[in-house]
Chemist: 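Mind looking over this structure? Questions follow.
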Amino acid sequence: MTAWLPDHTTLFPGDTSHHRPHHRTGFFTGPRDQTANQTAQVTAAGAAWLASAAAYPRSTLAQWEARPASPGVLPCGSAFDVVNVPTLFGRRMLEHLWTDGPGSGPVATHRGRMLLFASPGTAQRLPSLLDWEEWGGCGGPGPREHSRKGDERVPPLLCHGTGDAVTVPPLTCTSAAPGPRWLVAPDTRTPWLPGPDVLLWACVRVARSAPSPAARDSIFPPADPDANVYDVSRRR
């Protein structure tokens, strides 16, 4: 018995429909079905796609099958890149991607952050697009880090590409399990992956929809423009 789900298997009771193909042509060809993305466990085809990023895919698959509850580490740059964002900001990105955009690729969570799997080359191109949108500059060595200066609505984004590696969740995990877990698990050998233009669009939508610092709620009631003001600084 294999550790992962058979191909075209869904985890929703009563849903026997097959997964739709993840291929897209163009920037937006229509919103994807949100429920079709929410696969909690990796299928055999999805595991094969993940393993293709490793130097020795067959050995990686054998290790996963022997220890399906253990997370793994995979290099970026060949099969996928990863955009690493804070969890709350990432959830808002997914809301826009699933509701108004073309959808998302595989998505995982780890240590309070969300990992959005993207097309190879995204880690190199997205920083340039972020700079063009006047977002913050690069950080130090390692993954490229971006945040808009003076704007708390845009948290730091880490772009993992060639030369980087990321922790991927176990093949089988539950929402209550500690450690990394899948929000959208890979279920095909050729998953659709968003590119830098799509992720930039999602980031901008989240940033523009967030309330400005000046619009935040105050603990004090609003001032009454018609109220009488008396000068009590002078004593008789």
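Nothing fancy with the numbering, it's 1 onward along the sequence.
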Chemist: Go through E95 and L97 one step at a time and tell me if the side-chain contact (heavy atoms from CB on, under 4.5 Å) criterion holds.
Modeler: CA-CA 6 Å; E95 289 178 0; L97 288 170; over 6 Å; no
Chemist: Report yes or no: do W49 and T188 form a side-chain donor-acceptor pair below 3.5 Å?
Modeler: no
Chemist: Going by side-chain hydrogen bond (donor to acceptor under 3.5 Å, both in side chains), name the pairs with one or both residues in residues 110-123, residues two or more places apart or in two chains.
Modeler: N84-R113, S119-T122
Chemist: Check side-chain contact (heavy atoms from CB on, under 4.5 Å) between S70 and all other residues, then give those that pass, not counting sequence neighbours.
Modeler: R67
Chemist: Do the side chains of P102 and W192 get nearer than 4.5 Å, heavy atoms only?
Modeler: yes
Chemist: In the structure I gave you, are the side-chain heavy atoms of L199 and L116 within less than 4.5 Å of one another anywhere?
Modeler: yes
Chemist: Quick one: which of T43, L193, V42 gives a side chain to side chain contact (heavy atoms under 4.5 Å, CB included) with P186?
Modeler: V42
Chemist: If you apply the rule side-chain contact (heavy atoms from CB on, under 4.5 Å), what do you find for L94 with V107, and how did you get there?
Modeler: CA-CA 9 Å; L94 290 181; V107 180; 3.9 Å; yes
Chemist: Got a donor-acceptor contact below 3.5 angstrom from the T109 side chain to the M114 backbone?
Modeler: no
Chemist: Which value, rounded to the nearest 0.5 Å, describes the distance between Q124 atom CD and D81 atom CG?
Modeler: 9.0 Å
Chemist: Would you indicate whether the side-chain heavy atoms of L50 and L74 approach each other to under 4.5 Å?
Modeler: yes
Chemist: Please work out whether the ring planes of W201 and H96 are parallel, tilted or perpendicular, with thresholds of 30° and 60°.
Modeler: perpendicular
Chemist: I want to check something: taking the side chain as every heavy atom from C-beta on, are W98 and V184 in contact at a cut-off of under 4.5 Å?
Modeler: yes
Chemist: Quick one: list whatever passes side-chain contact (heavy atoms from CB on, under 4.5 Å) with A48, sequence neighbours left out.
Modeler: R189
Chemist: Determine, step by step, whether F117 and V83 satisfy the side-chain contact (heavy atoms from CB on, under 4.5 Å) criterion, reporting the C-alpha distance in whole Å, the side-chain angles of both residues, the deciding distance to 0.1 Å, and the verdict.
Modeler: CA-CA 7 Å; F117 286 69; V83 177; over 6 Å; no
